[in-house]
Amino acid sequence: MTTPERYNPRASEPKWQKAWDEARLFETDNADPRPKYYVLEMFPYPSGRIHIGHTRNYTMGDVVARHKRAMGYNVLHPMGWDAFGMPAENAAMQNKVHPRDWTYQNIGTMRAQLKLMGLSIDWSREFATCDVDYYHRQQMLFVDFLEAGLVGRRVSKVNWDPVDQTVLANEQVIDGKGWRSGAEVEQRELAQWVFKITDFSQDLLGSIDDLDGWPDKVRLMQRNWIGRSEGLSIRWALTPETAPEGETELEVYTTRPDTLFGSSFMAIAADHPLARKAAETNAALAAFCEECRRMGTSVTALETAEKKGFDTGIKVRHPFDADWELPVYVANFVLMDYGTGAIFGCPSGDQRDLDFARKYDLPVVPVVLPPDADAEDFAIGEEAWTGDGTMINSSFLDGMTPADAFAAIADRLEAMELDGRPQGDRQVQFKLRDWGISRQRYWGCPIPVVHCDDCGLVPVPKAQLPVTLPDDITFERPGNPLDHHPAWKHVDCPSCGKPARRETDTMDTFVDSSWYFARFTAPNEDAPTDPDAANAWLPVDQYIGGIEHAILHLLYSRFFARAMSRTGHMAVDEPFKGLFTQGMVVHETYRSEDGGWLDPGQVRIEGHDSNRKAFDADTGKPVTIGPLEKMSKSKKNTIGPEDITQSFGADTARWFMLSDSPPERDVEWTDSGAEGAHRFIQRVWRLVAGAAPTIAAGDPSAANGDFAAMRKAAHKALKGVGEDFERLAFNKAIARIHELVNAIAPVIERAGSGNDRAGKAAAHEALSILIQIMAPIAPHLAEECWAILGHADMVAKEPWPAFDPALIADDTIVLPVQINGKKRGEIAVARDAERDSVEASALELDAVQRHLNGAAPKKVIVVPGRIVNIVA
RNA sequence: GCCCCCUUGGCGGAACUGGUAGACGCAAGGGACUUAAAAUCCCUCGGCCUUCGGCCGUGCCGGUUCGAGUCCGGCAGGGGGCACCA
């Protein structure tokens, strides 16, 4: 046997990519009658260049797509670009490049990079969300949503940068200052467009139960985000002599009305109307309220913030005891936009309330007695009791469970009246708030509405769409370029024809990504969707993306599906049937002596394990090896696809990224790991190319001995890998493929050098199976091997082979034998051996005899096909 | 502060519903081939001991079980999410 040449990915990979393209293998026909399978990876933002970390989830999706295609499905596997957003405007300001040019240039670069990976994508359906053709349809959806009552206007607070004249995202506010201008950020109230996602709160929550193809973690995060609670709204009468002019009551929302008799204070938000009114005549209170507002939105500030309050002097009367007065505090931990912006504090039943009561010396009355506590001496110390128990110190509630007390209080308060209305009202509250979509920016989808002095807000008629972004804009002036573009901004009212003004807000980019998966099903349709196509393809069978989109993107998309169904664009409420959140690719970071980040290519590593040392390859100066971090441009720890395709090839990168680590976890990119993957690629090539001339396809059924065992190994691997792909367990599939190669390599050589025709046929069969199960992960190598094995067609066109069930089952199995739960030996028995004979052969073992020491076993447990355990 | 998850060799990880702990890979060590190197192939690779055998071992402590990495209770450490949500 001559030594085969090394496999050369630089030649093979472009060759097969071209062959797939020319055969239009991955272009999907909506009219194809086979069962559909829609696999989608979250589309990328065109930030500049792609690195290998980006390509891991595309590779996962590609393995699924190629496997499902072989399984006989009509597979849709498209790709596009989430192309609107702030980075393009930042680039425009920094580099004087037009956001559109910058974006499309990046798309061009990244598309070329992605294509190096050999992904089986239907590129004919590609679009970018900044394409006029796309956002035109998005404006049509907006108009339809508006008509259907799914869009509203709401005044909400925003972070305003007075220098840049722009609204800042939370992440752009650093220590209360604008990230670019450094100016003190103001809180401004702006009228904003919102999508009424809260109309669907209950549906969005309830339907999570049915999303069993989603990770539990994501389902839980969504449930928490929607945040349903059942409680009681209670109206408390203000003590008239303490109340500000015109105020008579305070309404609070509580989920623990059962603890009403343990209440000792009221706490209201700084923005609560009662607080504002009281502050008018109380300068110290006004100052405190101002301090609360300044605490703003920073989470870390809030985490460390001390619970603080300020006594307004106002008092309320307890609903069940007119003589019982409670003070009203303004507290920094009460939020105006949840519930009623006011709570009653029960220190014994809530830790935060307890901390507050201790600080301001308020009464702490236990009202729930823990099950194992003694009523005589139970007292609250440092910790509140939030658990179940028996009601005490609570008048007519005493002896009840908290749940019964909840009902009793609610019934009573609903029957009691204050100013002619019930004093209590059972309510369901959601944390979920409406989705504000207004962005005061240029590079986004224009909101197709005209402001007319006479007609008010007038949607742009569909016939006049799209409202396109003007090209002649400047970022020289601070603020939104659309706002100071007179020719674009000033238009006639579509309704009355008088001069009017365009809405200059553009849409949140989350809107763009909330329906792209539907557009892929009919990307050239005049309407936003072809409902037949959308209904046929959706839901996406397998959606793959990062955990960072677990809440907003997925929730907004679920809302959009419902809104689009309501407006007749499709009839699918849940857009994603299966969801998978993949881990990232991480890499070591390197810093030079002066603290700057270094590119891995610039670093030379010496030694290994704890003795590893790094040096600057040019200067020889020592380099600090930093922690593993997600690959990112800013830390320079990236590896580009072209770095890999120029050396090891895309298959090696694909193979390595899916091996070792389970797909939901991060994987560390190491040179030695990539080399290991490449060694295996080359090993398979040597095995196949070396054997191919000496073996031939034929009837392997007469193969015996090692050749028969080889067949069994191949069919078992075929079954296992298929199951692994179904579960996205790529790392296990790869381990199984390694095992198969280890098992068959020596047998293949013997088959090649011998004269056993059935053996040669078995070798050909085993190698063909090996190549087919590798093909979804290493498609280029697979094509090369497939051809050399003498197959006429491309492996990408071949159906997934069927395993022979007769070859999967073993006639004899090896059973471990334990004594008192410790393994002492093993026995080989027939698969269907009787219990008695298994027990008998286990007891014959030397090790068993030795441990029993002549005594009879107390008990023998035989788990068929599993284990024998002897209790001595 | 609240909620969730995780913890297995030097490393990444495997172990189906409680049934042989450490598959597979990486790193390391030894050997073969070679004038040499690369490549390749073979062997060793959790710890300890009295080494053809045995004891211990899946973060720690306890429990359930014939049998626990897996189930239960407690503790420790690490990671993630959050809108202080009443």
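In what follows, every chain begins at residue 1, and chains take the letters A, B, ... in the order their sequences are listed.
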P-based separation of B:C2 from B:C75 [nearest Å]: 14 Å
Salt bridge (Lys or Arg N to Asp or Glu O under 4.0 Å) involving A:E675 - partner list, sequence neighbours excluded: none
Can you tell me the distance, in whole Å, between the CG atom of A:N731 and the C1' atom of B:G12? 10 Å
Parallel, tilted or perpendicular, judged at 30° and 60°: which one describes the rings of A:H553 and A:F510? parallel
Between B:C11 and B:A27 - C1' atom distance, rounded Å: 7 Å
Given B:G13, B:A86, B:A23, which nucleotide is nearest the side-chain atoms of A:Y253? B:A86
Any idea which of B:G12, B:C84, B:C24 is nearest the A:S661 side chain? B:G12
Candidates B:A86, B:A21, B:G13 - which lies nearest the side chain of A:T255: B:A86
If the P atom of B:U51 is compared with that of B:C55, how far apart are they to the nearest Å? 15 Å
Regarding A:N742, tell me which of base, sugar-phosphate or nothing describes its non-hydrogen contacts under 4.0 Å with the strands shown. sugar-phosphate
For the C1' atoms, the ones on B:U35 and on B:C24, what distance do you get once it is rounded to whole angstrom? 38 Å
Secondary structure string for RNA chain B (Watson-Crick or G-U under 3.5 angstrom, | for other-strand pairs): (((((((..(((......[....))).(((((.......))))).((((...))))..(((((..]....))))))))))))....
OP1 or OP2 of B:A15 sitting under 4.0 Å from any side-chain N/O of A:K732? yes
Quick one: classify the glycosidic conformation of B:U51 as syn or anti, with syn meaning within 90° of 0. syn
Euclidean distance, atom CE of residue A:M657 to atom P of B:C26 [Å, nearest integer]: 18 Å
Measure from CH2 on A:W685 to P on B:A39 and round the result to the nearest Å. 20 Å
Return whichever of A:R256 or A:A677 has its heavy-atom-nearest nucleotide of RNA chain B closer to the 5' end. A:A677
Can you check whether A:V194's main-chain N or O pairs, donor with acceptor, with A:R154's side chain at less than 3.5 Å? no
Nearest-Å distance once atom C1' is located in both B:G69 and B:G54: 23 Å
Measure up the A:F356 and A:F333 rings against each other and bin them: parallel (under 30°), tilted (30 to 60°), perpendicular (over 60°). perpendicular
Say you pick atom P in B:C49 and the same atom in B:A39; how far apart are they, in whole Å? 36 Å
For A:R683 and B:U40, is the shortest distance between a side-chain N/O and OP1 or OP2 below 4.0 Å? no
A:R679 side chain N/O closer than 4.0 Å to the phosphate oxygens (OP1, OP2) of B:A38? no
A:I681 CD1 to B:C26 P: how many Å, rounded? 13 Å
Once each nucleotide of nucleotides 51-64 of chain B is scored for protein heavy atoms under 4.0 Å, what B/S/- sequence comes out, 5' to 3'? --SSSS--------
For A:K308, does the NZ atom have more than 12 heavy-atom neighbours from other residues, nucleotides or ligands under 6.0 Å away? no
Side chain of A:I867: nearest nucleotide among B:U20, B:A86, B:G13? B:U20
Side chains of residues 821-828 of chain A: which donor-acceptor pairs under 3.5 Å do they make with residues two or more places apart or in other chains?
from	atom 1	to	atom 2	distance (Å)
A:K823	NZ	A:E826	OE1	3.4

Between A:R352 and A:D660, name the one whose nearest nucleotide on RNA chain B is closer to the 5' end. A:D660
So A:G676, base contact, sugar-phosphate only, or nothing? Heavy-atom distance under 4.0 Å. sugar-phosphate
Any N/O pairs under 3.5 Å between the protein and nucleotides 46-49 of chain B? List them or say none.
none

Going through the checks in order, is the side chain to side chain donor-acceptor pair (under 3.5 Å) test met by A:E251 and A:T340? CA-CA 7 Å; A:E251 185 171 1; A:T340 60; over 6 Å; no
Euclidean distance for C1', B:G79 against B:G29 (whole angstrom): 35 Å
Where the side chain of A:R686 is defined as all heavy atoms beyond and including C-beta, which of B:A86, B:C41, B:C24 is the nearest nucleotide? B:C41
Separation of A:I813 atom CD1 from B:U20 atom P, in whole Å? 13 Å
May I have the distance from A:L555 (atom CG) to B:A83 (atom C1'), rounded to whole angstrom? 13 Å
Regarding A:N742 and A:R683, do their side chains bring together a donor and an acceptor under 3.5 Å, going by distance alone? yes
Check: protein-nucleotides 65-68 of chain B nitrogen or oxygen pairs below 3.5 Å:
from	atom 1	to	atom 2	distance (Å)
B:C66	O2'	A:N869	ND2	3.3
B:C66	O2	A:N869	ND2	2.5

Rounded to the Å, how far apart are A:F430 CZ and B:A83 C1'? 16 Å
Minimum heavy-atom distance between A:P319 and A:I234, given as atom pair plus value: CG-CG2, 4.4 Å
Donor-acceptor side-chain pairing of A:W435 and A:D508 below 3.5 angstrom: yes
If the condition is ring-ring contact (aromatic ring centres under 6.0 Å, His included), which residues does A:F406 pass it with, not counting sequence neighbours? none
Calculate the interatomic distance between A:E588 atom CD and B:G12 atom P; express it in whole Å. 13 Å
Taken in chain and number order and not counting sequence neighbours, the residues that satisfy side chain to side chain donor-acceptor pair (under 3.5 Å) with A:K196 are none
Answer yes if the side chains of A:T198 and A:D434 hold a donor-acceptor pair under 3.5 Å, and no otherwise. yes
I need the residues from residues 217-226 of chain A with at least one non-hydrogen atom less than 4.0 Å from RNA chain B; give them sorted by number, or say none. A:K217, A:L220, A:M221, A:N224, A:W225
Which nucleotide, B:U20, B:C84, B:G81, lies nearest any side-chain atom of A:I551? B:G81
Tell me which one of A:T254, A:T259, A:V368 satisfies side chain to side chain contact (heavy atoms under 4.5 Å, CB included) with A:C346. A:T259
Between A:F680 and A:W655, how do the two ring planes meet: parallel, tilted or perpendicular, split at 30° and 60°? parallel
If the glycosidic angle sits within 90 degrees of zero it is syn, else anti. Tell me which applies to B:G9. syn
Which residues share a salt bridge (Lys or Arg N to Asp or Glu O under 4.0 Å) with A:D724, sequence neighbours left out: A:R727, A:R736
I'd like the P distance from B:G47 over to B:G22, given in whole Å. 14 Å
We want to know whether A:Q429 and A:S229 form a side-chain donor-acceptor pair, criterion being a heavy-atom distance below 3.5 angstrom. no
What pairs with A:A709 under side chain to side chain contact (heavy atoms under 4.5 Å, CB included), at least two apart in sequence or on another chain? none
Keeping to residues at least two apart or across chains, list the salt bridge (Lys or Arg N to Asp or Glu O under 4.0 Å) pairs with something in residues 256-269 of chain A. A:R256-A:D258
